S.K.: 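Before I ask anything, here is the structure I am working with.
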Amino acid sequence: MEPIEKIERLRESADVTFEEARKALEESNWDLLDAALLLEKQGKKVSPIHSTKSTDTSEIPPLPSVKKVVETNKQSYAQEEQIAQKIKKAILETWDIIRFNSIKLEKNGEELFCIPLFLVLIAFLLWWEILIIAFVVGLFFNIKYSFVGKDDLSRANDVLDKASDMANKVKDEFTK
């Protein structure tokens, strides 16, 4: 119901002015019964507020069919299930890469040591600032990093080789 309709309704029930009805409704958060009680407390004579019921259903929007709602929910659930399966698959693939591969550090062709990736990941989560600095400093001291293990990590190794080449170029420019 619109505010103007509520004001008129309250004016019909209570012998008050338009302004008094509006003020009472504003103070009662536009609730007709609360406004009527407020006016009664102020000593105004208020007759009961009767609600009118209409059989006109033209303003009521039609409800969607149950079959349509169920079908929409099934489609939504199927999409959510597909997304969950993709996330699960990505997590399991990542876990396998971390579990079955290592990072190898070499200097002048001689292997210094090989660390499992899951240990590197844990160390990185705890001390990422230190490890990044150590990685960059290692590049300048001719440390070569590479991934080894059951998976084909040649793309990752290409990135590490490029980083090593870039560090060598910077070092060569600096020593000239």
Side-chain angles (χ1 to χ4, degrees), residues 1-6 25-26 28-34 51 53-176:
M1 183 183 300
E2 294 292 318
I4 193 76
E5 293 172 352
K6 288 184 178 184
L25 281 164
E26 285 176 349
S28 60
N29 201 22
W30 294 94
D31 185 279
L32 273 172
L33 294 176
D34 288 345
S51 63
K53 300 204 183 222
S54 173
T55 56
D56 180 22
T57 59
S58 63
E59 294 182 18
I60 300 173
L63 294 173
S65 71
V66 173
K67 286 182 180 179
K68 190 174 186 178
V69 170
V70 168
E71 187 61 35
T72 303
N73 286 345
K74 282 182 180 178
Q75 289 173 352
S76 177
Y77 178 76
Q79 289 173 346
E80 290 171 2
E81 189 67 28
Q82 287 175 346
I83 291 170
Q85 289 299 323
K86 287 179 182 178
I87 291 171
K88 180 181 175 183
K89 182 181 175 187
I91 290 171
L92 290 174
E93 287 174 358
T94 303
W95 173 245
D96 281 347
I97 290 171
I98 291 170
R99 201 169 51 149
F100 296 117
N101 294 289
S102 301
I103 189 161
K104 180 171 67 170
L105 283 76
E106 296 177 351
K107 183 170 184 169
N108 301 326
E110 184 181 324
E111 183 178 322
L112 297 174
F113 49 89
C114 194
I115 308 169
L117 276 181
F118 73 89
L119 289 178
V120 173
L121 178 65
I122 292 170
F124 188 79
L125 291 173
L126 296 174
W127 305 293
W128 62 273
E129 302 99 341
I130 296 168
L131 289 179
I132 289 174
I133 293 169
F135 174 78
V136 172
V137 169
L139 287 172
F140 286 101
F141 283 99
N142 293 326
I143 302 290
K144 184 177 185 242
Y145 303 96
S146 62
F147 292 104
V148 294
K150 81 168 193 133
D151 295 310
D152 177 25
L153 299 170
S154 59
R155 288 185 5 191
N157 284 332
D158 290 343
V159 171
L160 291 174
D161 290 341
K162 287 179 184 176
S164 182
D165 292 343
M166 186 64 101
N168 287 333
K169 285 180 185 177
V170 169
K171 191 169 63 172
D172 290 343
E173 287 292 321
F174 188 72
T175 56
K176 282 186 181 178

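The model shown is predicted, which means the values in this text are computed figures rather than measured ones.
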S.K.: Let me confirm one number: the CG-NZ distance from D152 to K150, rounded to the nearest 0.5 Å.
M.R.: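 Going from CG on D152 over to NZ on K150, the span is 12.0 Å.
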S.K.: Minimum heavy-atom separation for V148 to C114, with atom names?
M.R.: CG2-SG, 3.7 Å
S.K.: Nearest 0.5 Å, please: how far is CG in L121 from CG in L126?
M.R.: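 The CG atom of L126 sits 9.5 Å away from the CG atom of L121.
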S.K.: Does K6 use its side chain to pair, donor to acceptor, with the backbone of L25 at less than 3.5 Å?
M.R.: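 No; zero donor-acceptor contacts below 3.5 Å.
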S.K.: Does E93 reach the side chain of K89, with side-chain heavy atoms less than 4.5 Å apart?
M.R.: yes
S.K.: Please examine the side chains of K144 and N108, heavy atoms only from C-beta on, and report whether any two atoms are closer than 4.5 Å.
M.R.: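 Not touching, per the 4.5 Å side-chain cut-off.
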S.K.: Is the shortest distance from a Lys or Arg side-chain nitrogen in R155 or D158 to a carboxylate oxygen in the other one below 4.0 Å?
M.R.: no
S.K.: State, to 0.1 Å, how close L117 and I98 come at their nearest heavy-atom pair, and which atoms those are.
M.R.: CB-O, 3.5 Å
S.K.: Do any N or O atoms from the side chain of N157 and from the backbone of F147 form a donor-acceptor pair under 3.5 angstrom?
M.R.: yes
S.K.: In the structure I gave you, are the side-chain heavy atoms of K171 and N142 within less than 4.5 Å of one another anywhere?
M.R.: yes
S.K.: Could you pull out the closest heavy-atom pair between P116 and S102, with the gap in Å?
M.R.: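 Looking at all heavy atoms of both residues, the shortest contact is CA-OG, 3.6 Å.
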S.K.: When rounded to the nearest 0.5 angstrom, what distance separates CD1 in I115 from CG in N101?
M.R.: 14.0 Å
S.K.: Just by distance, do the side chain of T94 and the backbone of A90 share a donor-acceptor pair under 3.5 Å?
M.R.: yes
S.K.: Can you name the nearest heavy-atom pair linking E111 to E106, along with the distance?
M.R.: CA-CG, 4.0 Å
S.K.: So how far is it from L33 CG to S28 OG, rounded to the nearest 0.5 Å?
M.R.: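 Nearest 0.5 Å value for the CG-OG distance: 9.5 Å.
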S.K.: One pair to check against salt bridge (Lys or Arg N to Asp or Glu O under 4.0 Å): K169 and D172. What are the steps and the verdict?
M.R.: CA-CA 5 Å; K169 285 180 185 177; D172 290 343; over 6 Å; no
S.K.: Any donor and acceptor pair, going by atom type alone, linking the side chain of Y145 with main-chain N or O of A163 inside 3.5 Å?
M.R.: no
S.K.: Which distance, rounded to the nearest 0.5 Å, do you find between the CD1 of I133 and the CH2 of W127?
M.R.: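 Reported to 0.5 Å precision, the distance equals 15.0 Å.
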S.K.: Short question: side chain of T72, backbone of K68 - any donor-acceptor pair under 3.5 Å?
M.R.: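 Yes.
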S.K.: Kindly say whether N29 contributes a backbone atom to a donor-acceptor pair with the side chain of D34 at under 3.5 angstrom?
M.R.: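 No; zero donor-acceptor contacts below 3.5 Å.
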S.K.: Roughly how far, to the nearest 0.5 Å, is OH of Y77 from CD of Q82?
M.R.: 11.5 Å
